[in-house]
Amino acid sequence: MKLLIGNKCYSSWSLRAWLLMRATGIAFTEQLVLLDEPGFKEAIFAVAPGSGGTVPTLVDGEIAVWETLAICEYLHDTQPEAGIWPRDKAARAHARAISSEMHAGFTALRGACPMNLGKRFAARDRGPGVARDVERLTGLWRRARERFGAGGPFLYGAFSAADAMYAPVVTRLDTYGIVVDPVSRDYMQAVLALPAYREWLAAALVEPWIVAQDEVDEPVLVNLRNS
């Protein structure tokens, strides 16, 4: 299988699919398609004709899957032993529900705090919309950990697609200095310490490309790409 991804410093949706495949041991090759560059969609269509022209796009022979939750389900169907979703029915239903909520929601947080792994920003009040999103998502995390988290540090114990879906939010809370409760902080640390994530981060920090729309205009505490 081949996974088409965008810049690792900025592409939150690419991180989700890549992290899921790497952390669960699914073999694949990756192809970087630079964000906001001429020929972006054409480069994707050259590999995946008829796809959505977005990243991530998973290509498996003649099959192309270009939407992140659809990629999760395709991997669940084709790699049944990889543990894409929790095995317990109740946990699996909960994981799918919160993953769908992540896919469609938390727009205030995502808009105010675009994923940028190369910088750390000063903590500040980011408005009521962001506060509501943080309250909702950390509540989901605490509930998952309480009900289903025995046996591991992730939302459902073992790493699953739900953790991959929330990984870019974890990075946002970390890099923008947003304070969370102890349970959520412990969960965040588990994601940030995951070897697959550390591999992605290391590659992100040596990328030379800048995506201007994901560079927020506010003071930077640390520029990790120049350190």
Side-chain angles (χ1 to χ4, degrees), residues 1-86 92-93 95-107 109-111 113-117 137 159-172 191 194 196-197 199-201 203-204 207 209-214:
M1 288 188 283
K2 175 182 286 189
L3 186 68
L4 280 65
I5 61 171
N7 309 43
K8 290 182 175 178
C9 189
Y10 303 103
S11 184
S12 58
W13 290 104
S14 297
L15 169 59
R16 291 176 168 102
W18 188 99
L19 189 65
L20 178 61
M21 297 181 76
R22 184 70 91 216
T24 56
I26 298 173
F28 68 100
T29 60
E30 65 181 72
Q31 178 177 329
L32 178 65
V33 184
L34 294 180
L35 301 172
D36 288 349
E37 293 289 331
F40 173 81
K41 287 186 177 292
E42 289 77 8
I44 297 171
F45 292 146
V47 180
S51 70
T54 56
V55 288
T57 292
L58 179 66
V59 179
D60 187 13
E62 297 298 315
I63 297 172
V65 189
W66 58 90
E67 195 281 327
T68 305
L69 275 178
I71 291 173
C72 294
E73 295 297 353
Y74 182 77
L75 295 172
H76 177 71
D77 289 343
T78 59
Q79 310 286 326
E81 300 307 313
I84 301 300
W85 295 111
R92 187 166 62 252
R96 281 178 161 141
I98 72 167
S99 295
S100 294
E101 187 169 344
M102 176 68 257
H103 186 271
F106 307 108
T107 54
L109 174 61
R110 289 157 62 182
C113 305
M115 191 178 88
N116 184 341
L117 299 181
L137 72 89
F159 185 88
S160 74
D163 301 296
M165 288 296 294
Y166 278 90
V169 173
V170 167
T171 74
R172 286 171 162 94
V191 174
L194 191 69
Y197 173 72
E199 180 184 349
W200 174 281
L201 177 62
E207 289 182 340
W209 311 286
I210 300 297
V211 177
Q213 68 182 20
D214 288 330

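All values reported here derive from a predicted model rather than from experimental measurement. Hydrogens, waters and symmetry mates play no part in the numbers below; they use all other heavy atoms, side chains included.
Between Leu194 atom CG and Glu199 atom CD the span is 10.0 Å, to the nearest 0.5 Å. Put simply, CG on Leu35 and CD1 on Ile210 are 12.0 Å apart, with the number rounded to the nearest 0.5 Å. How far CH2 of Trp18 is from CG of Leu20: 11.5 Å, rounded to the nearest 0.5 Å. Taking CZ of Phe40 as the reference point, atom CG of Leu34 lies at 9.0 Å (rounded to 0.5 Å). Considering CG of Leu58 and OG1 of Thr78, their distance stands at 7.5 Å, rounded to 0.5 Å. If you take CG on Leu15 and CE on Met165, they are separated by 11.0 Å, rounding to the nearest 0.5 Å.
Side-chain N or O atoms of Tyr166 include one that pairs as donor or acceptor with a backbone N or O of Ile98 at under 3.5 Å. The backbone N or O of Arg96 lies less than 3.5 Å from a partner atom in the side chain of Ser100, making a donor-acceptor pair. The closest donor-acceptor contact from the side chain of Arg110 to the backbone of Val169 lies at 3.5 Å or more, if one exists at all.
The shortest heavy-atom contact between Pro114 and Gly111 is CD-O, 3.9 Å. Between Cys113 and Arg172, the shortest heavy-atom distance links the atoms O-NE, 2.7 Å. In terms of heavy-atom proximity, Met115 sits nearest to Thr171 at CG-OG1, 3.4 Å. The minimum heavy-atom distance linking Lys8 with Ala203 is given by the pair CD-CB, 3.7 Å. The heavy-atom pair separating Gly53 from Lys41 by the smallest distance is O-NZ, 3.2 Å. Minimum heavy-atom separation, Pro80 to Asp77: CD-O, 4.1 Å.
The closest side-chain heavy-atom distance from Trp200 to Ser14 is below 4.5 Å. Side-chain contact check for Met21 versus Leu75: some heavy-atom pair is nearer than 4.5 Å. Looking at heavy atoms from C-beta onward, Cys72 lies out of side-chain contact with His76 at the 4.5 angstrom threshold. Using a 4.5 Å heavy-atom threshold, the side chains of Leu19 and Phe159 count as touching. Contact annotation: the side chain of Leu4 approaches that of Lys2 to within less than 4.5 Å [non-hydrogen atoms, C-beta and beyond]. Using a 4.5 Å cut-off on side-chain heavy atoms (C-beta onward), Tyr74 and Glu67 make no contact. Side-chain contact between Trp85 and Ser99 is present, with at least one heavy-atom pair separated by less than 4.5 Å. No side-chain heavy atom of Asn116 sits under 4.5 Å from any side-chain heavy atom of Asp214.
Among the candidates Ile44, Val33, Thr68, the single residue satisfying the side chain to side chain contact (heavy atoms under 4.5 Å, CB included) test with Pro56 is Thr68.
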message: I'd like to know whether Tyr197 forms a side chain to side chain contact (heavy atoms under 4.5 Å, CB included) with Arg22, so could you lay out the CA-CA distance, the side-chain angles of the two residues, the decisive distance to 0.1 Å, and finally the verdict.
response: CA-CA 9 Å; Tyr197 173 72; Arg22 184 70 91 216; over 6 Å; no
- request: Let me see the working for Asn7 and Asp36 under side chain to side chain contact (heavy atoms under 4.5 Å, CB included), right down to the final yes or no.
  value: CA-CA 10 Å; Asn7 309 43; Asp36 288 349; over 6 Å; no
